[in-house]
Amino acid sequence: MKSVLNLFILFVFLCSFSLFGQNKSKEKETKNSTYTNAKPYETVKVKPVKSVIVRNVILMIGDGMGLVQVSAAWVANRGKLNIDNCTYTGFSRTWCSDKLITDSGAAGTAMATGFKTNYHCISVNTLGNPLNSLTDLASIGGLKTGIVVTCNLPDATPSVFCANNKDRNKEEQIAADYLNCKVDYIFGAGRERFNKRTDKRDLLSELKKKGYQVCTTWEETNKIKQGKVFSVLKEGQLPFAAERGDLFSKACMHGIEILNQNKKGFFAMLEGSRIDDCGHSNDLPRLMEEIFDFDITVGKVLKWAEKDGQTLVVVLADHETGGLTLLDGNLKNGSVTCNFSTKGHSGILVPVYAYGPGAENFTGIFENTEIFHKIVKLLNLKK
Ligand SMILES: [Zn+2]
């Protein structure tokens, strides 16, 4: 009997050992990934600008785009990125009022309003009181304003420029705030929050009454040459880069051309929103494709800014997503091996790149709230 029991214990021990071994290898399998970029793209070269006048500011946010994401994309694109044209670089600290590891709501609020706030807040302070954002102040100062994103419009980053709410998950309330925001050019997705609502309001027709040209396709959007634009192409998010094609960069450049008709200048926020989603899902190939799409757009924006001469371009992230490590790679064939350490955000500081007049203000290590204060000062806005 005792020997049967001993045998049973041995059996259980062996089983748990082999299960443990399997789990360990499975864990390894899900966290380390390799990606090879078969089609590297050409990057642009831009010259530093001579003017010191800042007429326009274009803030480009790679959501969840940490230094490792940029480094991996640089290897995968055979050692070149458009972002490398930026003449000044710095680091931004991302912590929020009640957590070390922030989210896009609190991080976006810091950059858009100059205030650190609580996790999941949308342009309200820690007491829940609404705050003015860069788009509000720019609009009051006579500038035109725009936002272009690849996510749904009531998502955190676009919302901090257009809404105020204690809870980023209140997407229907946030969508309703778009009616009172002063942004002239709005492009993104999440149409159902505007016209399939539990309160039965049709915000798209309400936006039309407010003077917006409301579009639901790119063709319609592209035909518009002036005036206020509200373009909401899809329900949910826009698809990932492989399916989306060059829609993001087309929308960014279209928005810039319309906003630039204003004599006093403009402020625009352009977000590569889905970089963050790929960090959350630990999907390295899609993550690289999202960064390429963002960087290709950076190249187009920098070329435009070079020609304009009075436009400051700031490229940064709100936080890092995925806890990414670059373990190996090959600059010749564009392969990278990376490891994700989390399905959430991490607390590391994030890179800031700047080009154009005033770019020299974006060096050193600073809090994310400083992004707001630097832009306010350079555009001569009243707080
Ligand atoms: Zn995220």
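In each ligand, atom 1 is the first atom listed, and ligand 1 is the first ligand listed.
- Residues satisfying the side-chain contact (heavy atoms from CB on, under 4.5 Å) test with V70, not counting sequence neighbours, are M65, L81, I83, Y353.
- Side-chain polar atoms of D308 and T311 form a donor-acceptor pair below 3.5 angstrom.
- Residues I256 and W304 form a side-chain contact, since some pair of their non-hydrogen atoms from C-beta on lies under 4.5 Å apart.
- K116 forms a cation-pi arrangement with W95, by the criterion of a distance under 6.0 Å to the ring centre and an angle within 45° of the ring axis.
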Does the pair H254 and F187 meet the rule for a ring pair (Phe, Tyr, Trp, His ring centres under 6.0 Å), with working shown? CA-CA 10 Å; H254 181 249; F187 178 95; 8.6 Å; no
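- Excluding waters, the protein N/O/S atoms found under 2.8 Å from the Zn ion (ligand 1) are D276 OD1, D276 OD2, H280 NE2, H345 NE2.
- The aromatic rings of F230 and Y178 stand perpendicular to each other, their planes meeting at an angle above 60°, with 30° marking the opposite boundary.
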